[in-house]
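Everything below concerns the one structure shown next.
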Amino acid sequence: MRPDTPAENVDHTAEAARLERTAGLYPEDAEALLLRAAAHLELSGDRPTASTLYDRLLSSTADLDNPHLVRALKASNLWEYGHEAEARAIIEGVRAASPQDPAPWVIVAESLESHDELEAAHETFTEAVHRLLTDVAEPPYATHPLLFGRHRVRRMLGESHDEWDALADTVHSLPITLDELHDPKRVWSLGSENPAELEAEILRLRAELGAYREALSRPFPVAILHWPATELTELLEAYPSLSAEYPTHETHLATIESALRELASSGTPNLGIVTGTVPSYEAFAASELSSPSDATLLPQYATTLAARGRAMAWPPQQGAACWCGSGRTYGQCHGSDA
């Protein structure tokens, strides 16, 4: 689906079927593609079939990148069509697993919130921020929904501000404050006959919509191909002619960082990094009826990975792990001399 396609013009069932077919062609991307297919099925109202896709992923013999996310999405979906007990059990399992990725926490907490389980939602949001943000100097971008969701639920519960709410205010960037956006009385103003109140609410909604659009619109990035050390070793053993492109792994990493900085300094927006694997690259070369030893395929392969949603934005958010996989933060690794 094109990112500029209006939602009302999307055939969600057909789009889900297309994504399922694509997942069969690119098994290494099956997790991401099937999750998108399940989302389209949920939007079409076919929640039982969406659940079968979640079950398909969870029962797969392949290791999932984020099994907790799949379980959280399954729980949220189940609850929406009457399977509350099973959904609650899965939610408790996700919480007990204490994932390091904020996305599963956000999904299960918002699921509880949407079903008026405000106390449980508050506990979930709070547990997540304590586990993921304690002693973190700068909250990564992916954790912001945890702070905002917790702030929103606390406003609904009538709780006073605490240090996490203050942090949410700090990372919030819209002109309208979080207290205004999360004011429980806003819902009453929607039924008001006072034009001034309605106009104020329209301005708030526009601000929220702008935030959602900013979060959801991820323009197609200019992506640079990154090979982890083990993959690069395997690649060069199989196709020695590519050593001209990659003399050493250290040189490869340095070249990526310098190329991205040069692009950034020239004003190129939406830069990203995609990570390659040898099996995936060989499959791509076969689909192009070419040999993997052909170096001209490398940028095309990077573009294809980016088009399939595999790009990681560069530079990483402050405090986030470095793109090279060293385990250190970007500021301590390749961003140290930025």
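These numbers were taken from a predicted model, which means no experiment stands behind them.
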In terms of the angle between their ring planes, are W79 and H115 parallel, tilted or perpendicular, with boundaries placed at 30° and 60°? parallel
Could you label the plane-to-plane angle of the Y81 and H83 rings as parallel, tilted or perpendicular, counting under 30° as parallel and over 60° as perpendicular? perpendicular
Looking at [Y] and [X], is any side-chain nitrogen of the basic one under 4.0 Å from a carboxylate oxygen of the acidic one?
X	Y	value
E20	R56	yes
E110	R152	yes
D165	R155	no
R88	E92	no

Looking at H144 versus H172, is the centre-to-centre ring distance below 6.0 Å? no
Does the ring center of H130 lie less than 6.0 Å from the ring center of W164? yes
What closest approach, in Å, do I107 and S76 show between heavy atoms, and which atom pair accounts for it? CG2-CB, 4.0 Å
Considering residues at least two apart in sequence or located in another chain, which fulfil the side-chain contact (heavy atoms from CB on, under 4.5 Å) criterion with A39? none
Those residues at least two apart in sequence (or on a different chain) that pass side-chain contact (heavy atoms from CB on, under 4.5 Å) with S326 are C322, C324, R328, C333
Donor-acceptor contacts under 3.5 Å from residues 222-230 side chains, at least two apart:
| unit_1 | atom_1 | unit_2 | atom_2 | d |
| --- | --- | --- | --- | --- |
| H226 | ND1 | T275 | OG1 | 3.4 |
| W227 | NE1 | Y246 | OH | 3.0 |

Does the S280 side chain pair with the main chain of T277, one donor and one acceptor, at a distance under 3.5 Å? no
